[in-house]
Amino acid sequence: MELNSTLLLEVALDLANSITNEDRFDRLLSSIRKAINCDAVVLLIHQGEQLKPLAIQGLAADTLGRRFNLSDHPRLSLICAGTQPVRFASDSPLPDPYDGLLLAKEGDLPVHSCMGLPLYSDNQLMGVVTLDSLSPEAFSEIPERTLQLITALSAATLKTAIQLSGLEQRAQQAHDLVQELTNEALTRDGGELIGNSPSMLALKSDIQLVSGSDYTVLIWGKTGVGKELVARTLHQRSNRGTQPLVHVNCASIPETLAESELFGHGKGAFSGAEKERAGKFQLADGGTIFLDEIGELPLSVQSKLLRVLQSGEIQPVGKDQVSTVNVRVVAATNRDLAQEVKTGRFRADLYHRLSVYPIKVPELKERGNDVLLLAGYFLEVTARKLGIRQLKIPNDVQQALLAYSWPGNVRELEHVISRASLKATRSANQHDIISLNTADLDFERALLPKEIHVQPTPQSSLCGNAEPQNLKTMTEAFQANMISRALADCQGNWTLAAKQLDMDRANLARLARRLGVQVHKSIKNETF
């Protein structure tokens, strides 16, 4: 089987005419299948100790969301360890990473052909191409020259795509680029924005556009969509990426300590201030400060935050000296701050200062087939945690995932996949290929029993003939009563109650605890 000059020219023209990397990769895989008859072909990029699929043909759609740890997949590890094409024996005992994922075959792969091509540039491994055929010995007669040409063509395509993406910022060599991608994607578990839907592509475009500037960014989105991940990505792709990223949860700071927490304090500034302490803005000097749940910041502190945004000046509590910091501010909220301004709960001038470049993070229900990519990612993570050989989602489960509305967004998807995977392992061996089923998804899982009694807060302070109380007391009584009613309506489910009250669940739990709202229940599955 020779790769003739006509086909080689056709491949080169195809790639030259490609506009996007996705199109370029798809044309590459189609060209490889023209030259080599196979049932599946995958292009993967090398990131540290992982391989990430960039394009697939012949495999289940969720494969694109998976990340293959080399330590868990000996075939992929062997391909990455060499510099020449690797042809595995048809009866090789090494597990195939795509077991159960081939569209042309249900269940375990029988005796089959498998081959891998390592892709190098400047002596650095960029990625690999893998080929699988259900016909044994399908690759044994392919000339070495053909494999060399396909390998060179694939490596050139991948390198060109990397350069056109503008990812090579700190060094020219492919190794430095891969290292940077690794630092971005794997800073934390789940540290990568996964998705190819139009709404996610628009989000990534916004991040790419604004990350290189020092503009203040306001990230808005429902609970669980990944606002913190967007903030981390903005920081990592900015010119401040090697500097500190300081995360402040504004909802968790007591109002009396908020100013000190943000701007620091001097010794003796207040009771308990036994020594001088730097604030979060000082710690973030030169880098980025992420003000999560900015809508929860007390009005008394908002004016002081405005001063920092206007002039970069901070004044620690109890000190006369004013110091200057160089900090980029990224804020996030699940509230409609424009509406909060109208009701007087948020300063208009601060809102306009924060929303220099607003970014909306789409809900999961708006992201189409991204649900399957994310499911594939969570399946791979869960399989590692549970020590399972392979987890897969059949077509009926895929359709169920796509049809669900995902009120809890990506966080809910992660929990659904983790829970379903654990259930699916009950009657299976960890060395099996385990398929999830629709019953295990359990979308409407009740966290609390139906019979639950909520002790409402007395309303005598709000109506009737009771003596009038001060505004703070009346406000707290009103809040406690609203929370009690919402919990009663939702049968004690804090998540649903938070949604009904248009609040973050964690904020609702903290507020209820502070107000002394009591919930009597027989089990405590759902905690604060």
Next on the checklist: If you apply the rule side chain to side chain contact (heavy atoms under 4.5 Å, CB included), what do you find for K52 with L64, and how did you get there?
Outcome noted: CA-CA 8 Å; K52 168 188 171 181; L64 277 176; over 6 Å; no

Checklist entry - Would R505 and T223 satisfy side chain to side chain contact (heavy atoms under 4.5 Å, CB included), going step by step from the backbone distance to the final call? => result CA-CA 9 Å; R505 180 188 176 284; T223 300; over 6 Å; no

Checklist entry - Does a side chain donor of either N69 or Q50 reach within less than 3.5 Å of an acceptor in the other side chain? => result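 Looking only at side-chain atoms, Q50 and N69 do form a donor-acceptor pair, the distance falling under 3.5 Å.
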
Next on the checklist: Pairing donors with acceptors under 3.5 angstrom, does anything connect the side chains of D62 and Y377?
Outcome noted: no

Next on the checklist: Using a 3.5 Å distance criterion without hydrogens, assess whether the side chain of Q390 forms a donor-acceptor pair with backbone atoms of P97.
Outcome noted: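 Looks like yes, one N/O pair under 3.5 Å.
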
Next on the checklist: Donor-acceptor pair, distance only, cut-off 3.5 Å: does the side chain of Q398 make one with the backbone of I393?
Outcome noted: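 Yes; at least one donor-acceptor contact below 3.5 Å.
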
Checklist entry - Taking it one step at a time, do Y404 and Q399 satisfy side chain to side chain donor-acceptor pair (under 3.5 Å)? => result CA-CA 9 Å; Y404 184 57; Q399 294 307 311; over 6 Å; no

Checklist entry - Where do L391 and L436 come nearest, in terms of heavy atoms and distance? => result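 Looking at all heavy atoms of both residues, the shortest contact is CD2-CD1, 4.1 Å.
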
Item to check | Exercise: identify the closest heavy-atom pair between P362 and M200 | outcome: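 In terms of heavy atoms, the two residues are closest at CG-SD, 4.1 Å.
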
Checklist entry - Could you walk me through whether S197 and D370 pass the side chain to side chain donor-acceptor pair (under 3.5 Å) check? => result CA-CA 6 Å; S197 62; D370 285 354; 2.6 Å; yes

Next on the checklist: Rounded at 0.5 Å granularity, tell me how far CZ in R353 sits from CG in L218.
Outcome noted: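 Result: 14.5 Å between the selected atoms.
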
Next on the checklist: Measuring from atom NZ of K365 to atom CG of N409, what distance do you get when rounded to the nearest 0.5 angstrom?
Outcome noted: 8.0 Å

Checklist entry - Once the angle between the rings of F263 and F281 is folded into 0 to 90°, is it parallel (under 30°), tilted (30 to 60°) or perpendicular (over 60°)? => result parallel

Item to check | Audit row: R67, L51, side chain to side chain contact (heavy atoms under 4.5 Å, CB included) steps and yes/no | outcome: CA-CA 6 Å; R67 303 296 178 260; L51 287 177; over 6 Å; no

Item to check | Carboxylate-amine/guanidinium contact D214 R240, below 4.0 Å | outcome: yes

Checklist entry - Is there a side chain to side chain contact (heavy atoms under 4.5 Å, CB included) between I253 and N249 once you walk through the steps? => result CA-CA 7 Å; I253 307 175; N249 187 335; over 6 Å; no

Item to check | Residue pairs, two or more places apart or on separate chains, that pass salt bridge (Lys or Arg N to Asp or Glu O under 4.0 Å) and touch residues 305-316 | outcome: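 Salt bridge (Lys or Arg N to Asp or Glu O under 4.0 Å) check on residues 305-316 returns R307-E313.
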
Next on the checklist: Strictly by side chain to side chain donor-acceptor pair (under 3.5 Å), give each pair with a member in residues 295-305 just once, sequence neighbours left out.
Outcome noted: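 Qualifying pairs: E296-R335, E296-N507.
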
